[in-house]
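Here's the structure we're looking at; comments come further down.
Hydrogens, waters and symmetry mates play no part in the numbers below; they use all other heavy atoms, side chains included. We number each residue from 1, following the sequence as shown.
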Amino acid sequence: MARIEVKSLTKVFYPAKGNPVCALDDVSFEIDDGEFVSVVGPSGCGKSTLLYIIAGFIPPTRGDVLIDGSPVKGPGPDRGIVFQEYALFPWRTVLENIKYGLEEKRLPKREIDAIARRYIQFMGLEGFEHKYPRELSGGMKQRVALARTLAYEPAVLLMDEPFGALDAQTREIIQDELLRIWRETRKTILFITHSVEEAVYLSERVFIMTHRPGKIKDVVKVDIDKSRGREEVITSPEFTKLRNKVWLEVREEVLKYYKGLEETLLHQ
């Protein structure tokens, strides 16, 4: 059984003023247990909307989402969410932020402390336990956000542009950290990104979406040995070939969008 099943998913937004907006149109796919999948596409193609529906934050207009065969009816502890904004509680220390989800599960205090400290070590946050978010760099904040999400053991990790606000060097380091975490935990990960290179570097499969309304245009399998280290991977001919393939497909959708926009403006 697939860990995530999306069946004929359509989402139409009905604003108070103006015409309805179809964000997603008949999207279907499956993601296996332990698989790492990224979604790329033009801005406004419905990537984040798709993730929010799987998270249970917003309902679909039509279609279904199932986690382990059970329909998604709302947010749940089986799905952990990591956003671009770090969403840390500014009044809580690093350790207290990581404990939050465990406290919501009402675990014994001793167990909460043991789990939180294990993830402090797992994420390389030793020495920062009693720091507040304002005292941390962007990369450190994202480590805390990841630790907090992983600590309560969700089956699925949903990530919405989680590294978009980081500088290039920090982004690469955190990408490598995420790969390490995935290899060690084998979480099922759905990762939304605008970066084609990031998608190909991290994922086993890349879903390419059309311009709005978003559909799955293509699924690219990334069959590359990534145990060799970043430098060897990203300079390899097979990585370059896959990155270029995904980039060209995304660019094609971007150009279609702007061509349609120009034609609409000309006829107004």
Side-chain angles (χ1 to χ4, degrees), residues 3-4 31-38 48 51-52 54-57 67-68 70 72-166 170-171 173-193 202-203:
R3 177 70 82 176
I4 302 174
I31 299 176
D32 291 333
D33 184 29
E35 191 175 11
F36 196 134
V37 170
S38 288
S48 293
L51 184 137
Y52 293 159
I54 295 172
F57 294 156
I67 304 293
D68 293 331
S70 298
V72 168
K73 300 297 185 184
D78 56 344
R79 283 149 288 149
I81 321 295
V82 181
F83 300 101
Q84 180 175 336
E85 299 80 16
Y86 311 113
L88 300 177
F89 298 117
W91 59 88
R92 282 179 169 245
T93 65
V94 166
L95 185 61
E96 290 167 345
N97 264 286
I98 295 171
K99 287 181 177 181
Y100 176 75
L102 302 168
E103 292 168 350
E104 290 295 299
K105 292 176 71 174
R106 302 188 182 280
L107 297 177
K109 288 186 178 181
R110 184 175 295 180
E111 185 178 353
I112 289 173
D113 191 67
I115 294 171
R117 291 188 182 279
R118 184 167 76 243
Y119 276 93
I120 288 281
Q121 184 176 19
F122 185 65
M123 294 300 298
L125 293 165
E126 300 98 326
F128 294 88
E129 295 92 331
H130 305 297
K131 299 289 186 181
Y132 288 90
R134 64 178 179 275
E135 301 176 278
L136 304 176
S137 67
M140 293 297 286
K141 289 177 184 176
Q142 199 57 286
R143 285 172 187 256
V144 178
L146 270 168
R148 184 177 65 183
T149 302
L150 292 168
Y152 63 84
E153 293 293 333
V156 172
L157 197 57
L158 304 173
M159 309 187 76
D160 187 22
E161 288 279 352
F163 310 145
L166 302 177
T170 303
R171 187 167 183 157
I173 292 169
I174 301 298
Q175 286 170 358
D176 291 338
E177 278 293 296
L178 179 60
L179 275 181
R180 177 184 66 83
I181 291 165
W182 173 67
R183 290 185 184 116
E184 293 187 22
T185 64
R186 298 309 298 186
K187 295 290 183 189
T188 304
I189 299 179
L190 181 62
F191 190 96
I192 306 297
T193 180
L202 291 175
S203 313

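- Between Ile54 and Leu190, the closest heavy-atom pair is CD1-CD2, 3.5 Å.
- The aromatic rings of Phe191 and Phe163 are tilted relative to each other, their planes meeting at an angle between 30° and 60°.
- Taking CG of Asp176 as the reference point, atom CD1 of Ile181 lies at 11.0 Å (rounded to 0.5 Å).
- Between Met123 and Val144 there is no side-chain heavy-atom pair separated by less than 4.5 Å.
- Side-chain contact between Val156 and Asp68 is absent, with no heavy atoms from C-beta onward closer than 4.5 Å.
- The neighbour count for Tyr100 OH, taken as heavy atoms of other residues, nucleotides or ligands under 6.0 Å away, does not exceed 12.
- Once rounded to the nearest 0.5 Å, the distance linking OG1 of Thr193 with CG of Leu202 reads 8.0 Å.
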Could you walk me through whether Met159 and Ile192 pass side-chain contact (heavy atoms from CB on, under 4.5 Å), step by step?
CA-CA 6 Å; Met159 309 187 76; Ile192 306 297; over 6 Å; no
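- Within the 4.5 Å cutoff, no side-chain heavy atoms of Thr170 are placed close to those of Ser137.
- Listed by first and then second residue, the salt bridge (Lys or Arg N to Asp or Glu O under 4.0 Å) pairs that reach into residues 114-142 are Asp113-Arg117, sequence neighbours excluded.
- When all heavy atoms of Gly34 and Trp182 are compared, the closest pair comes out as O-NE1, 3.1 Å.
- With contacts defined as side-chain heavy-atom distances shorter than 4.5 Å, the pair Asp78/Pro154 does not qualify.
- Ile4 has its side chain within reach of Thr188: a pair of non-hydrogen atoms, C-beta onward, lies under 4.5 Å apart.
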When you look at Leu178 and Ile189, which way does the side-chain contact (heavy atoms from CB on, under 4.5 Å) test go after all the steps?
CA-CA 10 Å; Leu178 179 60; Ile189 299 179; 4.2 Å; yes
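- Arg92 is linked by a side chain to side chain donor-acceptor pair (under 3.5 Å) to Glu103, counting only residues two or more places apart in sequence or in another chain.
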side-chain contact (heavy atoms from CB on, under 4.5 Å) between Tyr152 and Leu107: does it pass, once the steps are laid out?
CA-CA 10 Å; Tyr152 63 84; Leu107 297 177; over 6 Å; no
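- Classified by interplanar angle (parallel below 30°, tilted 30° to 60°, perpendicular above 60°), the ring pair Trp91/Phe89 is tilted.
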How far apart are the C-alpha atoms of Ser48 and Asp160, what are their side-chain angles, what is the distance that settles it, and do they pass the side-chain contact (heavy atoms from CB on, under 4.5 Å) test?
CA-CA 7 Å; Ser48 293; Asp160 187 22; 2.9 Å; yes
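- Within the 4.5 Å cutoff, the side chain of Arg143 has heavy atoms near those of the Ile173 side chain.
- The distance from the CD atom of Glu184 to the CG atom of Leu179 is 11.5 Å, given to the nearest 0.5 Å.
- The pair Lys187-Glu153 meets the salt-bridge criterion, since a charged nitrogen lies less than 4.0 angstrom from a carboxylate oxygen.
- The side-chain heavy atoms of Phe57 and Leu158, taken from C-beta on, include no pair separated by under 4.5 Å.
- Scanning both residues, Leu95 and Ala116, for their nearest heavy atoms gives CD1-CB, 3.8 Å.
- Going from atom CD1 of Ile120 over to atom CD1 of Ile98 covers 3.5 Å, rounded to the nearest 0.5 Å.
- When every heavy atom of Ile81 is checked against every heavy atom of Ala55, the shortest pair comes out as CD1-CB, 3.6 Å.
- Heavy atoms of other residues, nucleotides or ligands lying less than 6.0 angstrom from CZ of Phe83 number more than 12.
- Residues Asp32 and Glu35 share a closest heavy-atom pair of N-OE1, 2.9 Å.
- In this structure, Ile31 CD1 and Phe36 CZ are separated by 10.5 Å, a value rounded to the nearest 0.5 Å.
- A salt bridge links Arg180 with Glu177: the closest approach of a Lys/Arg side-chain nitrogen to an acidic carboxylate oxygen falls below 4.0 angstrom.
- Checked against side chain to side chain contact (heavy atoms under 4.5 Å, CB included), Ala145 has the following partners two or more places apart in sequence or in another chain: Leu88, Gln142.
- Atoms CD and CD1, from Glu104 and Ile112 in turn, are 9.5 Å apart once rounded to the nearest 0.5 Å.
- Closest of all the heavy-atom pairs between Arg3 and Ala155 is NH1-CB, 3.5 Å.
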